[in-house]
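Quick notes on the structure that follows.
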Number of protein chains: 2
Amino acid sequence: MARTQGSHSDITGPRVREAALRLFAQNGYAAVSMRQIAGEVGVQAGALYNYTPDKQSLLFDLLRGHMDDLLQARAACAQPDDPLAALEQFTRFHIRFHHDRPEAVFVSYMELRNLTPENFEIIEGLRRCYEDQLEDILRRGVTEGRFDVAEPKIAAMAVIAMLTGVNTWFRDEGRLSLPEVEEIYWGMVRKAVAA
Amino acid sequence: MARTQGSHSDITGPRVREAALRLFAQNGYAAVSMRQIAGEVGVQAGALYNYTPDKQSLLFDLLRGHMDDLLQARAACAQPDDPLAALEQFTRFHIRFHHDRPEAVFVSYMELRNLTPENFEIIEGLRRCYEDQLEDILRRGVTEGRFDVAEPKIAAMAVIAMLTGVNTWFRDEGRLSLPEVEEIYWGMVRKAVAA
DNA sequence: GAATTAACTGAACATATGTTCAGATCAAAG
DNA sequence: CTTTGATCTGAACATATGTTCAGTTAATTC
């Protein structure tokens, strides 16, 4: 049972996923070859198959891992009883979480169609689970008379689309800091659903 | 000068673009081969090169055509002086226009990274031109004291992201009609920027 | 130092890719 | 009917693809 400690496997495995994520984000899943990924890691293409059964699983594992991270990070948040506080919490969490991993966000959105149907269903289920959390907040706010939202499901989709959009233009070196952007978006979200 | 009238070219040319658009939307630019496109048209791969110098130009022409359509359709709209009316007009126009051509919208968003840098710059310029129109409406509304928007550029990006998001979930056979969806989104946009 | 075995190489496999081009086809013009 | 030229075929080109696998390398254990 040699090679358990200091094994390259602990190093190479993550590096494969990192290289795949970066390349998929930059060029798209279909446009990236296993040889490119291997080259980025400094290894021959065949060696990748010690870490993934095939290219499809590599993509799926990235998306799956991202969605797991999202739901886990979300679950670790305090969940205020007050709907307004919960909505603010969700808004700021979403912007921050997505800002911190732009490549995973991008790939998770762009490469859904390159998943096999079964894999797609799994990712889609996790995504729906996240969306439902926002929908629940909105419904509670409506019930308590704090929000004026005729269609909580649609409002949830609209808010998430708006918030995720930050990733398309925000730059760390830009004029505005992330907390400032958070503030601006929270203002719009709050007003958009206000009673 | 034979073959000018009733020429197949008038038929095949558009069919090539239609097939390419449909296939690019479904499978992504990189995953679609010239032979697939040709097969869809009922022709051999070599024949496609009577209608496009290469695959890249085929993609570019689709995106270019879509952006031209967008700006032209927008220019054909009445442009109300009243900022609130102008914003409502923009909101409804955006939802309707994007609803009517989901494939072109999808491809225009997803395949930007598969453009050469020069082609990308052109499309990006057209896109900015469209965004600026919304930004101008918001600025005018602020000047006239009708809107409360600290960052018109960012608000414009947020509104557009929100509106374009309709395409990701809306189905014609769904519970809500497009006019109903228009109404819901217009309500959220109006409140989000209201003074 | 010998044995073990995880980690990796390098070549091979069958198939697919974008693009080119000489030649066949055939509708229209003279 | 003959000429013309746009339209398309079918094969070829060089290169790239995902994946497999027998064999090499080298870190660890005994």
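Atom pair B/Leu48:CG and D/dG10:C1' shows a separation of 14 Å (rounding to whole Å applied). Distance B/Ile11 CD1 to C/dA27 P: 14 Å, rounded to the nearest Å. Computed from coordinates, the B/Tyr49 OH to C/dT17 P distance equals 11 Å when rounded to whole Å. Following rounding to the nearest Å, B/Asn114 (CG) and C/dG18 (P) show an atom-to-atom distance of 12 Å. Atom CD in B/Gln44 sits roughly 14 Å away from atom C1' in C/dC21 (whole-Å rounding). The distance between atom CZ of B/Arg15 and atom P of D/dT7, rounded to the nearest whole Å, is 15 Å. With rounding to whole Å, A/Arg35 atom CZ is found 14 Å from C/dC13 atom P. Residue A/Gln56 contributes atom CD, which lies 18 Å from atom P of D/dT17 at whole-angstrom precision.
Remark: side-chain polar atoms of A/Thr164 are paired, donor with acceptor, to backbone N or O of A/Ile160 under 3.5 angstrom.
In terms of position along DNA chain D, the nucleotide closest to B/Asn50 lies nearer the 5' end than the nucleotide closest to the other residue of the pair B/Asn50 and A/Met34. In terms of position along DNA chain D, the nucleotide closest to A/Gln36 lies nearer the 5' end than the nucleotide closest to the other residue of the pair A/Pro53 and A/Gln36.
For A/Ala45, the side-chain atoms get nearest to D/dT19 when compared with the rest of C/dA7, C/dT19, D/dT19. Minimum atom distance to the side chain of B/Val43 is reached by D/dT9, of the listed C/dT9, C/dA7, D/dT9.
Residue B/Val32 is classed as a sugar-phosphate contact, given heavy-atom separations below 4.0 Å to backbone atoms only.
Contact between the side-chain N/O atoms of B/Ser33 and the OP1/OP2 oxygens of C/dA16 is not found at any separation under 4.0 Å. Side-chain nitrogen and oxygen atoms of B/Thr12 include none within less than 4.0 Å of the OP1 or OP2 phosphate oxygen of D/dT7.
Each of B/Asn167, B/Leu163, B/Asp100 was scored for a side chain to side chain contact (heavy atoms under 4.5 Å, CB included) with B/Ile95, with one residue passing: B/Leu163. Among the candidates B/Glu88, B/Gln89, B/His94, the single residue satisfying the side-chain hydrogen bond (donor to acceptor under 3.5 Å, both in side chains) test with B/Arg92 is B/Glu88.
There is no path of hydrophobic side-chain contacts, each under 4.5 Å, that joins A/Phe60 to A/Val105.
A/Arg22 and A/Glu18 are not joined by a salt bridge, as no carboxylate oxygen comes within less than 4.0 angstrom of a charged side-chain nitrogen.
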